[in-house]
Amino acid sequence: MADGTTVTIDDLVAWIHRFSEVITEHAEELTQLDSAIGDADHGTNMRRGCRAAVEALAATEPEDVTGFGRAIAMKLISTIGGTSGPLYGSFFLAFGTAGGSTGTLDAESAVACFRAAVDSIAARGKAEPGDKTMLDALEPAVAAMEAALADGSSLGEAFERGTVAAEEGMHATIPMLARKGRASYLGERSIGHQDPGATSSWLLVRSAAETFAA
Amino acid sequence: MADGTTVTIDDLVAWIHRFSEVITEHAEELTQLDSAIGDADHGTNMRRGCRAAVEALAATEPEDVTGFGRAIAMKLISTIGGTSGPLYGSFFLAFGTAGGSTGTLDAESAVACFRAAVDSIAARGKAEPGDKTMLDALEPAVAAMEAALADGSSLGEAFERGTVAAEEGMHATIPMLARKGRASYLGERSIGHQDPGATSSWLLVRSAAETFAA
Amino acid sequence: MKKLINEPEDVVAEALQGMERAHPELRIDHDLHVVVRSDAPVSGKVGIISGGGSGHEPLHNGFVGMGMLDAACPGEVFTSPNPDQMLAATKAVDGGAGVLHIVKNYTGDVMNFEMAAELAAADGVDVEAVVIDDDVAVQDSSFTAGRRGVGATVLAEKICGAAAEAGRSLAEVKELCERVNANGRSMGLALTSCTVPSAGKPTFELGDDEMELGIGIHGEPGRERRKIAPAAEVTKALVDPIVTDLPFESGDKVLVFVNSMGGTPLIELYIIYNEVAKLLADRGIEIERNLVGPYITSLEMQGCSVTLLKLDDELTELWDAPVKTPALTWGA
Amino acid sequence: MKKLINEPEDVVAEALQGMERAHPELRIDHDLHVVVRSDAPVSGKVGIISGGGSGHEPLHNGFVGMGMLDAACPGEVFTSPNPDQMLAATKAVDGGAGVLHIVKNYTGDVMNFEMAAELAAADGVDVEAVVIDDDVAVQDSSFTAGRRGVGATVLAEKICGAAAEAGRSLAEVKELCERVNANGRSMGLALTSCTVPSAGKPTFELGDDEMELGIGIHGEPGRERRKIAPAAEVTKALVDPIVTDLPFESGDKVLVFVNSMGGTPLIELYIIYNEVAKLLADRGIEIERNLVGPYITSLEMQGCSVTLLKLDDELTELWDAPVKTPALTWGA
Ligand SMILES: Nc1ncnc2c1ncn2[C@@H]1O[C@H](COP(=O)(O)OP(=O)(O)O)[C@@H](O)[C@H]1O
Ligand SMILES: Nc1ncnc2c1ncn2[C@@H]1O[C@H](COP(=O)(O)OP(=O)(O)O)[C@@H](O)[C@H]1O
Ligand SMILES: [Mg+2]
Ligand SMILES: [Mg+2]
Ligand SMILES: [Mg+2]
Ligand SMILES: [Mg+2]
């Protein structure tokens, strides 16, 4: 049970369970968003990947943060496919590597893991904030977390402020003209639609807050 | 100009012109009827054939009834295709043969030509009245013409009674279960639809009456 | 109506122009609408022609070439060609060994081919005709137009073409065609209607959850309207009547032909083929050969048909023989 | 949704089962979803693999066989396959001469193939990759995802397959693939949307008189929505941007590939081909070879794409070389 000050392996596992729940709840909506500016599979892809990740965790309980990150990354990469497979895969791979061979993360190291994870999505996808991608939710989220810690906020508060920022970033994708991913093929016609990946990324941050802050 | 007692080559030519007019007017309706129990081409087929027949007559004015029948038959066969091409083709071939090398037909011979024409459709198509085909309009029509002459009616009256019988026969196809042609593939589902060929046959008789009786 | 066409009345003519430009190995008469393999007549070889309404592509034009048809006569969309076309085709492919007319059993096709055969005979050409009627959806009876000719036509054209190429006599090729017809059975279904270009609207209306079972290849409604169902169920509804009709029995070796009506993509055909294979395995029927794809279609109609042909060694050998046409090519 | 399927999530798996039953010459891994020609690895021969989302059939599975692909990795419908599939395929076809990955330019495909290449390299396999991006509908820029890979992929797979079969080195085959991409351009349009099985409803809505111009192959809307128009006009809207982009010039010899998006029948493709031929003749561009049919599709979408490839003698010779796959066969 999370205490709002540290993140244990159990919390990380709980995070993935929660993420899988909300993705399943929002799968149709995500696919709907992807229909407008993509190829109508983001919800299906994410649901398939999250379910596999949950099953993987059931099979083998990870021993440390690195093991957790690697396990989730491998599962997502090998079950999601598409664009979000490799991207969310690198997210968790980097998250684990940054966390190292420990079983608990304090506020600073938890946010540091998140920063490393977000940076690796940027590195793999070569996208920048403003390109209408996941990064438009993730980058503001991690920045908000970092700012929160600087103000001396708690881990829980940091992730809550990260969630708010992620949601704002997600809405901010609506007026953007896509420069990366499938939506970029639409040119001007990509304007006026919320990015599906930014939406699943908001859910990722939100489910972390819900589990870590509780 | 028809005098209502004999049929000249000009009358026969006028008959084809009139038939072509009414077929063009009813083409969509005929195709519609063929959509319900066939393959949605009867109107298009008949319009194509009639136009070609009219052009043929413009090119070479036939000298006698035989020449008229052969010219129309050849044109219809080589332009309509489908089922109605050969059937209406044999109709005119037989009509001409029965008429012989004369330029005028009196009431008896005109009706005799019609009888030969209808019989040749029956022979070629191996259909009987009640099979939901052209014959269900043509057979009653020619029978009514023969009866009319027996009662001493004029040529004009005979063709007018033939037209009434053809129209009744056409309507009578609605409750019939098709045993010949494409509609037969529908089995029970052919019931409740008017037969497209019976409809064009009614127009054939009617346009004869309009030209011969006038 | 949404189609990649110009004027509806020019559809057949322009498609033939496109075919000629794409396939120099074909000789096309644009006045009469006759498609002939450019090396015809092949002297001493039985000529094989077929024809019918257009809208079933690649049937028949796409099957003209070495090892299959010598000529095809395309009519207007869903309208039988006329005797002039058939006569011209017959004469163009007569290499002295006679000509076989492969005719699908539709009143119009049969009557027009009969007239053409009479005219050709009058011109001294030795003509035989075989009428294909493999559609089990229609109950046969001498009082009706009988069964429609559908999928077995493709198989008959391939097998007779190979036999003719091998130098068989007209009588032998005719017998093989009759054998294919006697041992072939088909049934089809539609998920959507199709639109005849000159008609401009769908031939029939179908609800979002409905399908037409027992259709032909002219966009006509089928014998029965049903609720759509999973592929397994749908396939059973096609295969059971086929198998029980001939009947196909345990130990029989068959060719399975899963055909798209035009608008159904390959990925779905393979799902249907998978179901057919399972159903036949349950009955101990062995699949020796197969053909999967859009080969005898109804314009853009979504749906499929299944054809089974009971094989013997001779039919299998002729099926495997080389063929080189726009739509079917192997071994050459 | 009207499709001949069972459960939407089983579409890819069951289609692969059907393919295996229909094509014993293919070896299929049903856990990973990898389709391999049964004689792989051909020792000393460069292995060629491709892959991408399913729903484009026959691409890529239908092109596995002698003279074309050694293996294909089908993902879920419109979803890039994952590195595990690609790694397994790469190892299965490595005959010691290295393996070429032919990748369509989509972010997901590119990233997954990159990961697979890294893993294969780590396992000591010599891997090269070429990314195909021939779609002129998308304006190229280093700040975007760039152009999509579409029709030229089919031509690259055929030509590289022939080169590998002829014993060319990995470097030579890679150069040929780059040459096809550099000299190939495509553009497509949709008359209807398609329905992703798992989504259950059409990806986009289109009015009865509307078409989408500049579409890709994933059922996504195009660059522009227009009123439907006659084939001549529509073809010009596809051909002009292609010709001006490369540019294709008078005297150039080209291969013309007119492709159905899945639901458009052959008769319409020949009408489009006829228009393409006329437009190219006006510009003095000579058609040396052509391919007409449904080869790279978007499920049941109605529409078409046109691809032009500027040929040189080497490309023409490799195009003509024998090929024997489920979807493309000649000379063998
Ligand atoms: N280069 C990129 N960097 C970061 N995110 C990206 C990039 N390209 C696409 N995305 C994200 O991926 C999402 C689409 O994911 P998904 O639909 O699963 O994959 P695909 O586009 O291959 O179907 C987009 O909404 C966008 O947020
Ligand atoms: N065996 C037959 N005898 C007489 N008339 C027939 C026969 N078969 C069909 N018909 C007539 O032909 C009509 C259909 O003509 P049409 O649509 O032009 O030909 P197709 O059925 O070949 O498309 C039917 O409505 C019917 O009246
Ligand atoms: Mg997507
Ligand atoms: Mg009709
Ligand atoms: Mg017809
Ligand atoms: Mg996708």
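Below, chain A is the first sequence line, B the second, and so on; all start at residue 1.
- The aromatic ring centroids of His23(D) and Tyr270(C) lie less than 6.0 Å from each other.
- Within the 4.5 angstrom heavy-atom criterion, atoms from both the backbone and the side chain of Leu206(D) approach chain C.
- For a residue to count as touching a neighbouring chain, one of its non-hydrogen atoms must lie under 4.5 Å from one of that chain's; by this rule Pro326(D) touches chain C with the side chain only.
- Neither the backbone nor the side chain of Cys194(D) comes within contact range of chain C; no heavy atoms are under 4.5 Å apart.
- Residues Asn274(D) and Glu14(C) have side chains that never bring a donor and an acceptor to within less than 3.5 angstrom of each other.
- Interface remark: Gln302(D) contributes side-chain atoms only to the contact with chain C (heavy atom separation under 4.5 Å).
- The contact between Ile228(D) and chain C is made entirely by side chain atoms (from C-beta outward), counting heavy-atom distances below 4.5 Å.
- For Thr297(D), no part sits under 4.5 Å from any heavy atom of chain C, backbone or side chain.
- Considering only heavy-atom pairs separated by less than 4.5 Å from chain D, the leading option among Val276(C), Ile272(C), Asp209(C) is Ile272(C).
- From Thr192(D), atom OG1 reaches atom NZ of Lys2(C) across 7.0 Å, with rounding to the nearest 0.5 Å.
- In this structure, chain C has heavy atoms under 4.5 Å from both the backbone and the side chain of Ala22(D).
- Neither the backbone nor the side chain of Met301(D) comes within less than 4.5 Å of any heavy atom of chain C.
- Contact annotation: the side chain of Glu275(C) approaches that of Asn6(D) to within less than 4.5 Å [non-hydrogen atoms, C-beta and beyond].
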